[in-house]
Protein chains: 2
Amino acid sequence: MPHGNGMGPRWWHRRFRGCGYRMTVPRQAILDVLSKTSRHLSAEDVFMAVHKVYHHVGLTTVYRTLELLVQMGLVSKFDFGDGRARYELLEGSKDSGHHHHLICTKCGRIIDYTDFIDEEIKLLKETEKGLSKKYKFKITNHLIQFYGLCDKCKDKR
Amino acid sequence: MPHGNGMGPRWWHRRFRGCGYRMTVPRQAILDVLSKTSRHLSAEDVFMAVHKVYHHVGLTTVYRTLELLVQMGLVSKFDFGDGRARYELLEGSKDSGHHHHLICTKCGRIIDYTDFIDEEIKLLKETEKGLSKKYKFKITNHLIQFYGLCDKCKDKR
DNA sequence: TTGGTAATGGAAACCATTATCAATAAGGAG
DNA sequence: CTCCTTATTGATAATGGTTTCCATTACCAA
Ligand SMILES: [Mn+2]
Ligand SMILES: [Mn+2]
Ligand SMILES: [Zn+2]
Ligand SMILES: [Zn+2]
């Protein structure tokens with residue numbers, strides 16, 4: 001499900017320059033790949049996709065760039081328990097684009113959902129307030145994942 | 001914070017035998033270590049603790065046993081993002097003992113909390129209901145972690 | 001166009017976890 | 001208690017995702 005939000009090469013370029021980074025061919029290519037999928041790609045997935053177009057881009061650069069993008073807040077990094085990190089371009093600036101995951105423990109399918117985010121955010125606020133008071137802990141982020149069986153795996157066997 | 005709930009060597013022995021497994025010295029030792037701490041130990045942590053008493057127990061066995069305990073439902077396995085799995089004995093049988101985590105992104109401190117579990121469970125139920133309907137997804141488990149700064153790290157710098 | 005330096009990529013290192021396999025020992029039968 | 005079956009163990013090697021190294025390349029401000 002390729003998206004066509006307002007972001008693109010020009011925007012990224014500005015963003016990079018604004019942070020004092022250079023916009024390079026590998027970085028551009030990696031962002032292109034990420035922006036053209038709604039799947040949760042591993043570093044190697046990204047590498048293979050980029051490699052089809054730019055044979056010279058190395059896996060090391062993919063790792064480095066993904067880490068940079070995460071650090072810049074453009075990309076989220078997840079661990080779904082399959083032994084490799086998975087990356088996903090954050091759409092929209094700031095908090096829009098934030099979502100949670102349903103993970104099928106049988107086939108590994110990942111489902112993004114945003115439907116109930118509002119209620120979860122409310123819970124988050126309350127929890128944050130309570131925990132801040134009790135543990136003097138300043139919450140800056142959260143991770144919520146549900147595990148179970150997807151429709152395809154639920155029935156058979 | 002060593003706990004003294006109703007479980008112990010005898011109980012574990014029955015549990016193992018009930019599953020058709022043998023109760024061995026390494027397994028006993030690993031359970032002892034896990035039951036005497038409230039920290040979230042890595043496999044190597046467990047190995048080192050066990051090694052002090054039983055020099056002959058190998059790291060491989062620690063990994064194998066921890067995996068077995070997870071699979072038996074006696075131990076939870078977590079990923080706090082530091083590149084190694086962390087294990088924790090589940091106290092109480094069944095769902096009691098279930099809790100969530102506050103993770104300090106600066107010093108790595110982990111705080112268990114159960115205070116707001118009830119509200120989260122309520123949210124979970126609602127979410128589960130909604131998601132089941134919309135995505136035909138059967139939720140069996142969930143992971144909720146809050147990231148931020150602990151009281152010690154919040155202030156300085 | 002050029003120079004300073006950030007960025008790159010191939011290879012090697014790293015490191016948590018897993019696979020191998022011969023030796024060991026738990027525990028049921030007798 | 002002893003024997004026997006076989007689950008379990010542990011030293012070692014292998015695996016595989018991620019990082020580190022470092023000489024080379026190429027952004028981009030001047
Ligand atoms: Mn997602
Ligand atoms: Mn815990
Ligand atoms: Zn599935
Ligand atoms: Zn801290």
Side-chain angles (χ1 to χ4, degrees), chain A residues 9-10 12-33 40-72 74-75 77-87 108, chain B residues 9-10 12-31 33 40-72 75 77-87 108:
Chain A
R10 193 58 51 81
W12 296 326
H13 197 292
R14 280 202 306 275
R15 190 79 158 66
F16 269 78
R17 301 273 56 226
C19 293
Y21 301 128
R22 297 175 181 173
M23 177 50 74
T24 65
V25 169
R27 286 172 179 177
Q28 186 66 251
I30 289 166
L31 279 164
D32 277 346
V33 166
H40 304 79
L41 304 179
S42 67
E44 180 132 20
D45 290 336
V46 174
F47 169 69
M48 289 188 298
V50 168
H51 190 265
K52 284 177 187 163
V53 185
Y54 301 98
H55 274 220
H56 64 90
V57 174
L59 180 57
T60 304
T61 296
V62 171
Y63 272 107
R64 261 190 310 239
T65 301
L66 288 172
E67 216 48 53
L68 183 67
L69 292 170
V70 168
Q71 185 239 302
M72 289 172 69
L74 294 178
V75 163
K77 180 180 184 179
F78 288 101
D79 168 32
F80 295 133
D82 65 343
R84 68 198 59 192
R86 304 229 161 231
Y87 302 85
Chain B
R10 194 57 53 81
W12 294 328
H13 196 293
R14 280 203 306 275
R15 190 79 158 65
F16 269 78
R17 301 273 55 227
C19 292
Y21 301 126
R22 296 175 182 174
M23 177 50 74
T24 66
V25 169
R27 286 172 178 176
Q28 186 66 250
I30 289 165
L31 279 163
V33 166
H40 303 79
L41 304 179
S42 67
E44 181 132 20
D45 290 335
V46 174
F47 169 70
M48 289 188 299
V50 168
H51 190 264
K52 285 176 186 164
V53 185
Y54 300 96
H55 276 221
H56 64 91
V57 174
L59 180 57
T60 304
T61 296
V62 171
Y63 272 106
R64 261 190 309 237
T65 301
L66 287 172
E67 216 48 54
L68 183 67
L69 292 171
V70 168
Q71 185 240 303
M72 288 171 71
V75 163
K77 181 179 182 179
F78 289 101
D79 167 31
F80 295 133
D82 65 343
R84 68 197 58 194
R86 305 228 159 231
Y87 302 85

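Given the structure is predicted, the values throughout are model-derived calculations rather than measurements. Lettering of chains follows the sequences in order, A, B, ..., and the numbering in each one begins at 1.
Taking CG of B/L69 as the start and CZ of B/F16 as the end, the distance is 5.0 Å to the nearest 0.5 Å. For the atom pair CZ (B/R64) and CZ (B/R27), the distance works out to 9.0 Å, reported to the nearest 0.5 Å.
Of the possible polar contacts, one joining the B/T65 side chain to the B/T61 backbone as a donor-acceptor pair under 3.5 Å is found. Distance alone, capped at 3.5 Å, places no donor-acceptor pair between the A/R86 side chain and the A/F78 backbone.
Atom NE2 in A/H55 sits roughly 15 Å away from atom C1' in C/dG9 (whole-Å rounding). Look at CG on B/L68: it is 11 Å from C1' on D/dT8, rounded to the nearest Å. The NZ-P distance, from A/K77 to D/dG17, rounds to 14 Å in whole Å. Rounded to an integer number of Å, the gap from CG of A/L66 to P of D/dT19 is 10 Å. Between A/I30 atom CD1 and C/dA7 atom P the separation is 13 Å, expressed in whole Å. Atom CD of A/E44 is separated from atom P of D/dT18 by 9 Å (rounded to the nearest Å). Rounded to an integer number of Å, the gap from CZ of A/F16 to C1' of D/dA29 is 19 Å. Per the geometry, OH belonging to B/Y21 stands 8 Å off P belonging to D/dT8, to the nearest Å.
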Tell me, with the steps shown, if A/Y63 and A/T60 meet side chain to side chain contact (heavy atoms under 4.5 Å, CB included).
CA-CA 5 Å; A/Y63 272 107; A/T60 304; 5.8 Å; no
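Side-chain nitrogen and oxygen atoms of B/H56 include at least one within less than 4.0 Å of the OP1 or OP2 phosphate oxygen of D/dG10. Regarding contacts with the backbone of D/dT18, a side-chain N or O of A/Y63 is found under 4.0 angstrom from either OP1 or OP2. Proximity of A/R27 to the phosphate of C/dT8: a side-chain N or O atom is located under 4.0 Å from OP1 or OP2.
Heavy atoms of A/H13 sit under 4.0 angstrom from primed sugar atoms or phosphate atoms, though from no base atom. Residue-level contact check: A/T24 touches the backbone only, with heavy atoms under 4.0 Å from sugar-phosphate atoms and none from bases. Backbone-only contact: B/R84 has heavy atoms under 4.0 Å from sugar-phosphate atoms and none from a base.
Side-chain atoms of B/R22 lie closest to C/dA25 of the nucleotides D/dC28, C/dA19, C/dA25. Closest to the side chain of B/R64, out of C/dT20, C/dT8, D/dC21, is C/dT20.
Evaluation of atom-type donor-acceptor distances gives a pair under 3.5 Å for the side chain of A/T60 against the base of C/dA11.
Between B/A85 and A/G20, the residue whose closest nucleotide on DNA chain C is further toward the 5' end is A/G20. Of the two residues near DNA chain C, B/G83 and A/L59, the one whose nearest nucleotide lies more 5' is A/L59.
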